[in-house]
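Since the structure comes first, as structure tokens, the remarks are kept for the end.
What you are looking at is a predicted structure, and each value in this text was computed from that prediction instead of being measured. So that the names make sense, note that chain A is the first sequence line, chain B the second, and so on, each numbered from 1.
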Amino acid sequence: MEVLQSGAGELIQPFDVDEFRAWNRKKSRKLVDKVMSEAEAIRQFVYDGCYIGTELYGTVRCPMSLAREVVRQGKKDLRVCGQGVLELDLWLAAGLVKKLDITYIGLEVYGTSPALRRAVESGQVEKCVEWSNGAITWRMKAAAMGVPFLPTRSMLGTDTLAYSAAKVITDPFTGAKVALLPALVLDVALIHVHRADQYGNCQIEGISGFAAEMARACKRLIVSAEEIIPTQEIRKYPDRTIIPYYLVDAVVHAPYGSHPGEMAYLYGRDEAGIKEWVEMSKTAEGAQAYLNKYIYGVQGHDEYLALIGQDRLRRCVELREKRE
Amino acid sequence: MEVLQSGAGELIQPFDVDEFRAWNRKKSRKLVDKVMSEAEAIRQFVYDGCYIGTELYGTVRCPMSLAREVVRQGKKDLRVCGQGVLELDLWLAAGLVKKLDITYIGLEVYGTSPALRRAVESGQVEKCVEWSNGAITWRMKAAAMGVPFLPTRSMLGTDTLAYSAAKVITDPFTGAKVALLPALVLDVALIHVHRADQYGNCQIEGISGFAAEMARACKRLIVSAEEIIPTQEIRKYPDRTIIPYYLVDAVVHAPYGSHPGEMAYLYGRDEAGIKEWVEMSKTAEGAQAYLNKYIYGVQGHDEYLALIGQDRLRRCVELREKRE
Amino acid sequence: MVEQTYSRTELMICVAARLFEDGATCFIGTGIPMLAAMLASRTTAPNLVPVFEFGGTGAIMEELPRAVGEARTWHKGISALGICDTMENAQRGFIDYGFLGGAQIDPYGNLNSIVIGDHDHPKARLPGSGGGNDVGSHCWKTVAIMQHDVRRFVPRVDCITTPGFLSGPGAREAAGLPKDTGPAYVVSTLALMDYDAATCRMRLKATHPGVSVDEVIANTGFELLLPAQVEVNPPPSVEELRLLREEIDPEKLYI
Amino acid sequence: MVEQTYSRTELMICVAARLFEDGATCFIGTGIPMLAAMLASRTTAPNLVPVFEFGGTGAIMEELPRAVGEARTWHKGISALGICDTMENAQRGFIDYGFLGGAQIDPYGNLNSIVIGDHDHPKARLPGSGGGNDVGSHCWKTVAIMQHDVRRFVPRVDCITTPGFLSGPGAREAAGLPKDTGPAYVVSTLALMDYDAATCRMRLKATHPGVSVDEVIANTGFELLLPAQVEVNPPPSVEELRLLREEIDPEKLYI
């Protein structure tokens, strides 16, 4: 098949569809209790050098308690995709990231990420392979579909494609140029949801971001949930199950698990908490102090929440989006 | 791009992605009242020779009142995709179908379709192009994504592919063989839903079949709904909007619109009603008598429901699936 | 003990039901596979995960579905999504077994459900692939359930709709189909067949009680491989029959 | 009448807001585009359909979103789905306008948000494409909102992240990008620019009040085309400023 152009970026997580199928074949379809702590889940499934990603992102329905635990356990040489704000900033500041399939890492309203700049400009992050947000999601979608690639017209003609690992071909039906995006399977995915049962059946409220795609494009899936619900509730509303249990390896009960980010209909974002990272992360020392205070300095999520305090959490709840 | 194999089937609805984009650009994004009758909707948007399809299928959440109106108005030379039971059987029996992108047309539990056999074996249907149910849906998904094709490993090595319009190529990333499915855009799609507002925002309960894909892969979309709800209800649950208004051209209020098929959580299937078609459709004369009785012999859906009678409809309601 | 009477269909359902692996995901087609799955879930495979084409997964099958999309296919289920989710699960390797039927089957387990005769001028137009081709392409193992006669068990099917082993060893992989997939069993009204690993050809495994090997051979339109020892399938148990007749198909749709 | 005072950011927001077409679907990036969209929906474009990257469409923007995924992006919205739905809507031609920013822009409207300097050894690592490349590839028209200085308006961007007209006339189509798409306007802290149809090069359309053409040229690192007549953008109205200050950004996040 004639390739018109190939991005020069490294394919840092090559995909073999039959190998992924063989992995999925081995995953249990039995309903077994998968509830465990952040510490257990990260210890059991995240390893040095693994290819890992988080959904949705930093300030919105983000598995922050899991992301902090990754830092606490110092999992290193991580290969990471995304699309991140606070969560990937923490990993970058902690020096855990070796390679990036990068789409966007920044502080949104608050601008570029000093942690990203330090990590990349110092050479600590060895490789940045570029993709658009659409492209990285379609790469996961390809894996979720069980096909080796998906076509898109994104990235054509740009350096984004030149620094990616995409390929340009001509459509055999119409002769049009399209970019082919190689399927992406993560070694580990971290996703935060509103509700899950003990087996890992998950429900999400509001936008689904790319939860459905990422959950189907990973070998290990750690889900954290605001609430653990009885399976009867899942079976009553099977049309709300965005992530079925057989995709899930661990279920972590993490109330306020997205803090300082928001969780639609449950709590709004903690602006002061976000700004604290924005300010402290301006210097390496400040970032280290933040990690010491909120991660190394606490045993786990419970202690983190205690440190934040009920008053602040209550204020976040007051700021929640409501159905109206 | 080297093609290893091309299905011999005709591409009976060729796709041009930029032409589809230009069409979509012209569709209004304004919130305008689109409520009209079956008769108006079919008269306005369905035309002789158009490429048309229905979702979900015959006995399940199927736009039967719209399908019957197509027969009543005698729209002919239809090119049809699917995947159908009663609905496509009616069109075939009425002699409206010229070409088929066929995946399955039969009577499920009750076996093969005599109406299909008569229409195809007599040569009345000029062409049958073969696809799998997965393939036809992915063809719509390709159009919905705005790309010219999607890859799959379905159909490889079989006559299903040989009699389709798919092409086999090698994946430039791994060298594996994959089939490419050409995107499919319908001229008109008919979809029945649980609830819609006057603008066409739709909610579905239970399985979604391929409603999301088909709604995004057509030029005209006629939606029939069991209930017309205020837009406020849509805006309260935006995460339940499977079909947004800007895709929709007509909204038809059709209570029991899926009869004699079922509608999850509202009414179960009318087994006697289904068996009546199964029995009568065994001969051309019987099928004609059925069309006379239930379609030509009644003015529209209201008269059809009157003919069925409240008692039978009430029994269907008693048989509905419940959330438990 | 009392001699239990039963139909060949009832026996076929029982033999098929016993093939369900407990805890496996199984793609269930319309008809006999549904009865077999319901029987299995009440006997040997309580943790069976039924998967239905249009989006239902993990249903508790309290009542017999009459269509692969009706609400009974996701009743008290794990998920009720869409056909893409189901087919992509299969393509991704998450579906262990596929149970399906067809009008014709050949020695390599290829199935035909498109036409009898010439495709463009058929003697008989059949329903088409439906999900059959997807199931036969992507599920790890497929089980065909068939009436057993020489018109259905043929040397070459008129149209390979759903891939078995295609032309034999290595043919699936050569065509690009997923590695290590293919037909596992055929359950017919006369016997249970499996496939010879070396040749990928259909092999008699066990006859139904009261059916001779010669009767099976006489009703098979190609040379059926014979093992050293042909087993005999146990007849339906009293409990299997009770479940079938009282709980699974009380309306006698199939039995 | 009283002389109204306002900041250049406030003026930029007002000028951007006036570009929103009523009843159009608009892909809204983080920051100034959000304020402009909110202002437009309260003034000239009440039927504006805001589209946010991670799934929110048709929101009623009562409060300023601070992120493209937060609940305010689908508050009382038409749909709250996922990023695929949004991006596929764009790729399918359903999004009329895309509003975005960047660190650098060139005469053809190409935007850079990946690196300053060499990609593999950058002087400054920027956030990356995000949804920018998708928006610039698929939306019918794109509007860039930029600080105006010679470091940002450059002859060649260090890295074409989001496609403008690429190398000029015909280049987008030649690259395979959708037909009839491309940059429409640039709103800067100094002026409003459009593009010359024949050359696809950026052209000064209107200066902000109190800004001279020379000042715009002096702050542009490439030759800016000049029309026969350079207009002057109307200053913010009393009502526009009231809306911005009291309803849209009362917390002064941006203004």
Can you check salt bridge (charged side-chain N to carboxylate O under 4.0 Å, His left out) on C:K123 and B:E121, steps first, answer last? CA-CA 7 Å; C:K123 273 210 252 6; B:E121 294 164 24; over 6 Å; no
Between B:T170 and B:E2, is the side-chain hydrogen bond (donor to acceptor under 3.5 Å, both in side chains) condition met? List the steps. CA-CA 8 Å; B:T170 57; B:E2 194 203 353; 5.3 Å; no
Evaluate side chain to side chain contact (heavy atoms under 4.5 Å, CB included) for C:L39 paired with C:I13, printing each intermediate quantity in order. CA-CA 8 Å; C:L39 182 57; C:I13 295 166; 4.3 Å; yes
Steps toward salt bridge (charged side-chain N to carboxylate O under 4.0 Å, His left out) verdict (B:E213, B:R139): CA-CA 9 Å; B:E213 292 77 16; B:R139 289 188 61 197; over 6 Å; no
Can C:L166 and C:N110 be said to form a side chain to side chain contact (heavy atoms under 4.5 Å, CB included), step by step? CA-CA 6 Å; C:L166 299 174; C:N110 301 305; 3.9 Å; yes
Take C:F52 and C:T86 through the test side chain to side chain contact (heavy atoms under 4.5 Å, CB included) and record every step on the way to the result. CA-CA 7 Å; C:F52 294 96; C:T86 308; over 6 Å; no
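Ring centers of B:Y57 and B:Y104: at least 6.0 Å apart, outside the cut-off. Aromatic pair B:Y256/B:Y267: ring centres closer than 6.0 Å.
No other option in C:G130, C:S129, C:S137, C:A175 has as many heavy-atom pairs under 4.5 Å with chain B as C:G130. Between chain B and the options C:H121, C:E63, C:R72, C:M87, heavy-atom pairs under 4.5 Å are most frequent for C:M87. Annotation: maximal heavy-atom pairing with chain C below 4.5 Å, among B:L161, B:T59, B:T103, occurs at B:T103. Heavy-atom pairs under 4.5 Å with chain C peak, among B:G134, B:G268, B:G261, at B:G134. When each of B:M263, B:R61, B:E108 is checked for heavy-atom pairs under 4.5 Å with chain C, B:E108 comes out on top. The choice from C:P65, C:C84, C:G56 that makes the most heavy-atom pairs within less than 4.5 Å of chain B is C:C84. If you tally non-hydrogen atom pairs under 4.5 Å between each of B:G157, B:S132, B:G106 and chain C, the highest count goes to B:S132. Contact count versus chain B (heavy atoms, under 4.5 Å) is highest, among C:I83, C:V157, C:D120, for C:I83. Among C:G176, C:P127, C:A67, C:A80, the residue making the largest number of heavy-atom pairs under 4.5 Å with chain B is C:P127. Taking chain C as the reference chain and counting heavy-atom pairs below 4.5 Å, the highest number among B:G123, B:A264, B:C128, B:A176 is found for B:C128. Taking chain C as the reference chain and counting heavy-atom pairs below 4.5 Å, the highest number among B:A162, B:G58, B:A212, B:G209 is found for B:G209. Here C:C159 is the residue among C:C159, C:G31, C:G128, C:G55 with the most heavy-atom pairs under 4.5 Å with chain B.
Interface residue B:Q83: only side-chain heavy atoms are found under 4.5 Å from chain C. Only the side chain of B:V60 comes within contact range of chain C, judged by heavy atoms closer than 4.5 Å. C:T161 touches chain B through backbone and side chain together, each having a heavy atom under 4.5 Å away. Looking at C:V68, the atoms closer than 4.5 Å to chain B (heavy atoms on both sides) sit in the backbone and in the side chain alike. Contacts of C:Q91 with chain B are made by side-chain atoms alone, with heavy-atom separations under 4.5 Å and no backbone atom involved. For chain C, the nearby part of B:E271 is the side chain; its heavy atoms alone come within less than 4.5 Å. Looking at B:R269, the atoms closer than 4.5 Å to chain C (heavy atoms on both sides) all sit in the side chain, from C-beta outward. With a threshold of 4.5 angstrom between heavy atoms, B:W138 approaches chain C through side-chain atoms but not through N, CA, C or O. For B:L156, the parts lying under 4.5 angstrom from a heavy atom of chain C are both the backbone and the side chain. There is no contact between B:S113 and chain C, counting heavy-atom distances below 4.5 Å. For C:A174, the part sitting under 4.5 Å from any heavy atom of chain B is the backbone (N, CA, C, O) and nothing else. Proximity to chain C (any heavy atom under 4.5 Å) is shown, for B:A211, by neither the backbone nor the side chain. Heavy atoms of B:E324 lying under 4.5 Å from chain C belong to its backbone as well as its side chain.
Considering B:I136, B:L100, B:I102 in turn, B:I136 is the only one that fulfils the side-chain contact (heavy atoms from CB on, under 4.5 Å) rule with B:W131. Tested against C:N112, the residues C:R152, C:R156, C:Q104 include a single side-chain hydrogen bond (donor to acceptor under 3.5 Å, both in side chains) partner, C:Q104. If you run side-chain contact (heavy atoms from CB on, under 4.5 Å) between C:F153 and each of C:L190, C:D106, C:V186, only C:V186 comes through.
Between the side chains of B:S154 and C:H138, at least one donor-acceptor pair of N or O atoms lies under 3.5 Å.
Pairing each heavy atom of C:A103 with each of C:L126, the nearest pair is CB-CD1, 3.6 Å. Residues B:D270 and B:C316 share a closest heavy-atom pair of CB-SG, 3.6 Å. For C:S79 against C:W74, the heavy-atom pair with the smallest separation is O-CB, 4.3 Å.
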